Amino acid sequence: MTAKIAYDEVEVGTELPAQTFPVTRATLVRYAGASGDFNPIHWNEKFAKEVGLPDVIAHGMFTMAEAVRVVTDWAGDPAAVVEYGVRFTKPVIVPNDDEGALVEVSAKVAAKLDDGRVRVDLTATSAGQKVLGMSRAVVKLA
């Protein structure tokens, strides 16, 4: 597979379709099983509060992975992402209810690079707080 978006059709400022990702406690348990990260701050409310957190929090790597889906869905090929990095700024707090939390992600093309690549800057928030900082992906377009 290759990216479905052509480099020549993209301009700086092009906005990618925003997405919202729900996160529940069940989501975190499934992620823990898949990743092998069973740190109790991600599933045990009592433990999370004992270590000073307001509640159970989502895995940082899970949040990072959900956010980049905006880019991979837009590009049409996950392999088109050749670089990706973030800073974890705030945790995604996941209450123990039927709704959980939402991670809202928007992105736009911030720069056109050489060799058919673009830099995409992402903004990820939850409960009105920015949860990822300096979130950037470099994407090789068609």
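Because the structure is a prediction, the values reported are computed rather than measured.
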Task: Derivation of the side chain to side chain contact (heavy atoms under 4.5 Å, CB included) call for Val56 and Asn44 - done: CA-CA 6 Å; Val56 164; Asn44 184 318; 5.7 Å; no
Anything under 3.5 Å between a donor and an acceptor, one on a side chain of residues 128-142, the other on a protein residue two or more places apart or in another chain? List them.
from, atom 1, to, atom 2, distance (Å)
Lys140, NZ, Asp115, O, 2.5
Lys140, NZ, Asp115, OD1, 3.4

TODO: Any pair with a residue in residues 65-76 that passes side-chain hydrogen bond (donor to acceptor under 3.5 Å, both in side chains), sequence neighbours left out, goes on the list, sorted by first then second residue, please.
DONE: Gln19-Asp73, Glu66-Arg69
Open item on the list: I'd like to know if the side chain of Asp37 and the backbone of Asn39 have a donor-acceptor N/O pair within less than 3.5 Å.
Closed with: yes
Open item on the list: I'd like to check Val92 versus Val94 (side-chain heavy atoms, cut-off strictly below 4.5 Å). Are they in contact?
Closed with: yes
Task: Distance in Å, Leu122 CG paired with Tyr84 OH, rounded so as to fall on 0.5 Å steps - done: 5.5 Å
Open item on the list: Is there a path of hydrophobic side-chain contacts, each under 4.5 Å between heavy atoms of I/L/V/M/F/W/Y residues, joining Ile93 to Phe21?
Closed with: no
Task: Pairwise side-chain contact, Glu83 with Arg117, heavy-atom cut-off 4.5 Å (strictly under) - done: yes
- [ ] Name all residues meeting the ring-ring contact (aromatic ring centres under 6.0 Å, His included) criterion together with Tyr31; count only those two or more places apart in sequence or in a different chain, and write none if there are none.
- [x] His59, Phe62
Open item on the list: Between Lys90 and Ser126 (side chain of the first, backbone of the second, donor and acceptor by atom type, cut-off under 3.5 Å), is there such a pair?
Closed with: no
TODO: Output yes when Arg25 and Asp55 qualify as a salt bridge under the 4.0 Å nitrogen-oxygen rule, no when they do not.
DONE: yes
- [ ] Report yes if the side chains of Val103 and Thr20 come closer than 4.5 Å at any heavy-atom pair, otherwise no.
- [x] no
